[in-house]
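Quick notes on the structure that follows.
Numbering of residues begins at 1 and proceeds along the displayed sequence.
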Amino acid sequence: MSTTASTDVALMLLQLIAVTIPATVVLIEQLRRSGNLEWQFRKLSFGLVLSSIGLLLAAATAVMAYFVASLQLSAAIYAGLILVILGLPPLGAFVAVLYREHRMEFGP
């Protein structure tokens with residue numbers, strides 16, 4: 001793969017996203033364990049985390065779209081991209097289940 005400034009930046013963005021998503025999931029766990037937050041702050045916090053994950057995944061999708069459009073990729077890379085895209089809905093469902101469980105425990 002030939003490297004250009006655009007591909008270097010895209011790879012750096014992917015690295016940043018890869019580092020940030022696990023940290024966000026850890027923050028969800030910390031939020032679940034916090035015992036002294038009112039329900040409104042918990043709800044706001046889950047909304048912020050969910051929007052953060054959504055924006056990070058949208059950024060990852062945009063960078064992947066750049067790679068697909070700009071570079072000739074092998075079939076294995078395309079298969080990997082499809083698997084990543086198929087992995088996004090379960091992540092969203094996981095956060096939704098956590099929110100529902102949290103709401104049942106702490107919500108009104």
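Considering CZ of Phe46 and OG of Ser51, their distance stands at 12.5 Å, rounded to 0.5 Å. Between Arg42 atom CZ and Arg103 atom CZ the span is 14.0 Å, to the nearest 0.5 Å.
Using a 4.5 Å cut-off on side-chain heavy atoms (C-beta onward), Asp8 and Met12 make contact. Ser52 is not listed as a side-chain neighbour of Leu48, based on a closest heavy-atom distance of 4.5 Å or more.
The hydrophobic cluster containing Phe41 also contains Leu50, counting ILVMFWY residues as joined when their side-chain heavy atoms lie under 4.5 angstrom apart, directly or transitively. By the criterion of side-chain heavy atoms lying less than 4.5 angstrom apart, applied directly or through intervening Ile, Leu, Val, Met, Phe, Trp or Tyr residues, Tyr66 is not grouped with Leu16; the two fall into different hydrophobic clusters. Hydrophobic clustering keeps Val49 apart from Leu55 (ILVMFWY residues linked when any side-chain heavy atoms are closer than 4.5 Å, directly or through intermediates).
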